[in-house]
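Scroll down for the structure; my scribbles are underneath it.
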Amino acid sequence: MAANNEALQLEILNFLDKNGKIEDSMNFKFEGKNVDQLVFLGALNSLTSKDMVVYKQIENEKWNVTAEGNEIAETGSHEAKVFNAIPAGDEGITIADLTAKVGPAAKIGQGKAFKNKWISKKGDRLVRNVASIQDKTQEDLKIIKETNNHSDANTLKDLKKRKLIDRQKITSYSVEKGEKFSTTIVKQATDITYEMLQNGSWKDVSFKKYNFDAEGIQPKGGYLHPLMKVREEFRQIFFQMGFSEMPTNKFVESSFWNFDALFQPQQHPARDLQDTFFLKDPATTNEFPEDYLERVRNTHEKGGYGSIGYGYNWSREETQKLILRTHTTSVSSHMLYTLAQKMKENGKFEPAKYFSIDRVFRNETVDATHLAEFHQVEGFIADYDLNLGHLIGVLNDFFHRMGVDKIKFKPAYNPYTEPSMEIFSYHAGLDEWVEIGNSGMFRPEMLRPMGLPENVRVIAWGLSLERPTMIKYSIDNIRELLGHKCDIEMIQNNPICRLEKKMGREL
Ligand code: PHE
């Protein structure tokens, strides 16, 4: 390549020596052939760095025939095919026969042939209107194939619209002699060496100039997805509030931990195929803390701890079913059970604050605001004698740190919390209150079977990670944020995330 490039450089110099100028490198021949413009530019840059030549860019347009255009250039346009397939005379042909003869081109071809007044309809048959036709489309395409251009701008426009041709931009160069023009290339030294200093040759050596305009190599690296940036902000908020992170590396969960442990009855609609993804293989698990499972069964069937339960026959089969977790509350239920186990070992309950941020799955119809998978941000505090006032206080603090100051609560229902509250925030842009999260106090029917004492209360809340991310990065369609339509450049280009005050007013 380098040697070849030097030969090309010499050829350029010789040409300039003879002709004074290269008008357009497009027409410049090397070894009898046109030169790739990028290769030509490489040679030019070498020569320019030695001030041997100067050059200017020329922007050219070139028209290329597409695959479909090529086919037409060879075999004729759809409309000509239709015309040729219709026999001369009044007999004509039926549309069915025409389609059989011409194939899929028949439909578009007919339209055009009618428009050109080449054919008309006689009863249910198509007949020729004229004795012969001129297939202009084919002729035009042939011209463009040969010359990469056409004298009529409208023809170009029309063929482009029909996707028969497309335009290519090409840069070429005009070249003239530079200050230090010569037909021999002196090899330039890139470094001053020990030997040059020793023997004094450095005085006569021609040194290669530094190119201060050369762009550095783009550093290669990974890019954080916007969701991961916003997640990091949420993590910091939780850490500032003294929370610890729960392990969430478990997309597959048993129905037991995702639903039953949360006192969600087995007939609950959320447990249907329509709402939840079930695993096929393996479809079930049989690993449970059996004593705890029995207490959960009892609570569902008969109640206890002041509850009358649901009064139905609880099925072990149902609880064994493996699913993709539908919420991160399954992670919280694991953690609360672990805390109860620790209490058994230590003889004392230790208050705790935990959070998690990870992916959950729901069998939803995908649209602009819903995906079958999304991320949840979830936190809980377990301590003695907590009440709803604590929950409201913590939520105010949490959302304030996110930059959301105006929040309101609305009574809601979750099978595992009582009371439950939806969290709304005022959206100045929409001038309305929008739902931003869900919260509540975990029910005794959930906590007591785990072994937690009566006066240990747990306040908890959850929200999606997608919603604040979409607001923060002004993304309207969730499918642009996550999934196969997500643009990698969007991920590379979007800025770092700070959940500052302003966002609250935007939310
Ligand atoms: N699990 C609830 C959801 O998926 C959120 C939530 C978490 C509600 C904790 C109350 C308490 O929407």
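For the single chain, residues carry numbers from 1 onward in sequence order. Read the numbers this way: they start at 1 and go in the same order the structure lists the ligands and their atoms.
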Ligand 1 atoms in contact with [X] (distance to a heavy atom under 4.0 Å):
X	result
Ala460	9 (C), 11 (C)
Asn414	8 (C), 10 (C)
Gln376	3 (C), 4 (O), 12 (O)
Glu378	7 (C)

Say whether His327, considering both its backbone and side-chain N or O atoms, lies within less than 3.5 Å of an N or O atom on ligand 1. yes
Is it the case that ligand 1 has an N or O less than 3.5 angstrom from some N or O of Thr329? yes
One residue to check: Thr328. Relative to ligand 1, which of side chain, backbone, both or neither has a non-hydrogen atom less than 4.0 Å away?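 Neither; no heavy atom under 4.0 Å.
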Below a 4.0 angstrom heavy-atom separation, can you tell me which part of Ser332, side chain or backbone, both or neither, approaches ligand 1?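 Neither; no heavy atom under 4.0 Å.
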Donor-acceptor pair, side chain of [X] and main chain of [Y], under 3.5 angstrom:
X	Y	value
Asp358	Asn249	no
Thr328	Val331	no
Lys112	Glu79	no

Taking distance alone, no hydrogens or angles, what donor-acceptor pairs closer than 3.5 Å link side-chain atoms of residues 153-169 to residues at least two apart or in another chain?
from   : atom 1 : to     : atom 2 : distance (Å)
Thr155 : OG1    : Asp152 : OD2    : 2.6
Arg167 : NH1    : Glu61  : OE2    : 3.1
Gln168 : OE1    : Asn64  : ND2    : 2.6

Output the distance between atom NZ (Lys321) and atom CZ (Arg271), rounded to the nearest 0.5 Å. 8.5 Å
Restricting to side chain to side chain donor-acceptor pair (under 3.5 Å), what partner residues turn up for Ser464, sequence neighbours left out? none
Less than 6.0 Å separating the ring centroids of Phe243 and Phe380?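 Ring-ring flag for Phe243/Phe380: false, centres at least 6.0 Å apart.
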Measuring from the heavy atoms of Tyr416, does anything fall under 4.0 Å of ligand 1? yes
Judged by non-hydrogen atoms, does Arg362 sit under 4.0 Å from ligand 1?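 For ligand 1, residue contact (heavy atoms, under 4.0 Å) with Arg362 is present.
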